[in-house]
Amino acid sequence: QVQLVESGGGSVQAGGSLRLSCAVASDTTTTNFLAWFRQAPGKEREGVASINFSGGGTYYADSVKGRFTISRDNAKNTVYLQMNSLKREDTAMYYCAAKSSRDLGHWSVPAFYKYWGQGTQVTVSS
């Protein structure tokens, strides 16, 4: 059984920061590739950032490069998304997703992820 539990969402003014957490309860050999996605109302779910739990390699969407940082704490089986310089367009429900790093598929495509958290809302106001 795999469980992903997100936390850390909330409301913040533009320019502010938030840190999201995703606690992973599973066999990490099958869920060692983690990603954050987001979905705004009326829009498709999009990849924000990803990290390999084993090797630590990271990927970012162009829209968040330089502002967001994904990191991991292997001892706690937790992935974080530090979000700085938040903009109104970052407002969305944010989801943590996991798959095995052996699974093929581009990191930013939701269909390639087998496990999902329940989501945490991030609202950025001007």
Side-chain angles (χ1 to χ4, degrees):
Q1 188 76 6
V2 176
Q3 273 193 316
L4 306 176
V5 180
E6 301 103 331
S7 60
S11 297
V12 65
Q13 287 193 325
S17 299
L18 283 173
R19 189 177 82 156
L20 306 183
S21 299
C22 174
V24 183
S26 76
D27 173 7
T28 55
T29 60
T30 59
T31 56
N32 60 347
F33 196 92
L34 278 294
W36 286 97
F37 287 80
R38 67 186 181 186
Q39 188 166 21
K43 294 188 176 181
E44 293 187 353
R45 192 168 295 191
E46 63 171 350
V48 175
S50 68
I51 189 166
N52 187 319
F53 236 100
S54 303
T58 59
Y59 298 94
Y60 293 92
D62 288 342
S63 59
V64 306
K65 280 182 182 176
R67 300 189 297 122
F68 291 11
T69 303
I70 190 169
S71 62
R72 75 199 195 280
D73 184 330
N74 290 46
K76 295 182 179 180
N77 265 10
T78 300
V79 174
Y80 304 97
L81 185 68
Q82 178 66 44
M83 305 185 295
N84 298 328
S85 302
L86 282 162
K87 305 175 181 180
R88 286 191 64 183
E89 51 264 42
D90 294 318
T91 295
M93 185 71 80
Y94 282 71
Y95 299 91
C96 180
K99 67 184 183 79
S100 169
S101 61
R102 294 173 295 181
D103 293 341
L104 299 179
H106 195 274
W107 74 267
S108 67
V109 178
F112 293 128
Y113 290 80
K114 185 174 181 180
Y115 305 104
W116 291 84
Q118 81 287 352
T120 185
Q121 178 69 36
V122 171
T123 303
V124 184
S125 59
S126 58

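We count residues from 1, following the sequence as given. Below, each value reflects all heavy atoms present in this structure, side chains not excepted, and no hydrogens, waters or symmetry copies.
- Within the model, atoms OG of S11 and CG of L86 stand 11.0 Å from one another, a figure rounded to the nearest 0.5 Å.
- In this structure, CD in Q118 is found 8.5 Å from CE in M93, a value given to the nearest 0.5 Å.
- Relative ring orientation between Y95 and W116 is described as perpendicular, the plane-to-plane angle rising above 60° on a 0-90° scale split at 30° and 60°.
- Of all the heavy atoms in A40 and T91, the pair that sits closest is CB-O, 3.7 Å.
- One finds a salt bridge joining K65 and D62 here, because a Lys/Arg side-chain nitrogen approaches an Asp/Glu carboxylate oxygen to under 4.0 Å.
- The side-chain heavy atoms of R38 and S63, taken from C-beta on, include a pair separated by under 4.5 Å.
- Between Y80 and T69, the closest side-chain pair of non-hydrogen atoms is not below 4.5 Å.
- Taking CZ from R72 and SG from C22, the interatomic distance works out to 14.5 Å, rounded to the nearest 0.5 Å.
- At a threshold of 4.5 Å between non-hydrogen side-chain atoms, the residues V124 and M83 do not count as touching.
- Atom OH of Y59 is surrounded by 12 or fewer heavy atoms from other residues, nucleotides or ligands within 6.0 Å.
- Cation-pi check for R45 over F37 is not met; the charged atom does not lie both under 6.0 angstrom from the ring centroid and within 45 degrees of its normal.
- Between the side chain of S108 and the backbone N or O of G47 there is no donor-acceptor pair closer than 3.5 Å.
- No donor-acceptor pair under 3.5 Å is formed between the side chain of N32 and the backbone N or O of S54.
- Salt-bridge annotation for K114 and D103: absent, with no side-chain N of the basic residue lying under 4.0 Å from a carboxylate O of the acidic one.
- Here the OG atom belonging to S125 is positioned 8.0 Å from the CZ atom belonging to R88, to the nearest 0.5 angstrom.
- Between the side chain of Q39 and the backbone N or O of A92, no donor-acceptor pair lies under 3.5 Å.
- Across all their heavy atoms, N52 and S101 have their closest contact at ND2-CB, 3.7 Å.
- What you find for S85 and S17 is that their closest heavy atoms are N-OG, 4.3 Å.
- Put simply, the side chain of T58 does not reach to within 4.5 Å of the side chain of S50, judged on heavy atoms.
- A 4.5 Å side-chain heavy-atom check between L4 and T31 finds every atom pair outside the cut-off.
- In this structure, N74 contributes its side chain and F53 its backbone to a donor-acceptor pair below 3.5 Å.
- For Q121, the CD atom is densely surrounded, since the number of other residues' heavy atoms within 6.0 Å is greater than 12.
- Heavy-atom contacts from other residues, nucleotides or ligands closer than 6.0 Å to CD of E89 number more than 12.
- Under a hydrophobic-cluster definition in which Ile, Leu, Val, Met, Phe, Trp and Tyr are linked whenever side-chain heavy atoms come within less than 4.5 Å, directly or via other members, V5 and V79 are assigned to different clusters.
- With Y113 contributing its side chain and W107 its backbone, the two residues share a donor-acceptor pair below 3.5 Å.
- The CG atom of L104 sits 8.0 Å away from atom CZ of F112, with the distance rounded to the nearest 0.5 Å.
- With rounding to the nearest 0.5 angstrom, the CG atom of L81 is 11.0 Å from the OG1 atom of T120.
- Residue V24 is grouped with residue Y115 when hydrophobic side chains (ILVMFWY) are merged at heavy-atom distances under 4.5 angstrom, including chains of intermediate members.
- Two residues are said to be in side-chain contact when any heavy atoms from C-beta on lie closer than 4.5 Å; W36 and C96 meet this criterion.
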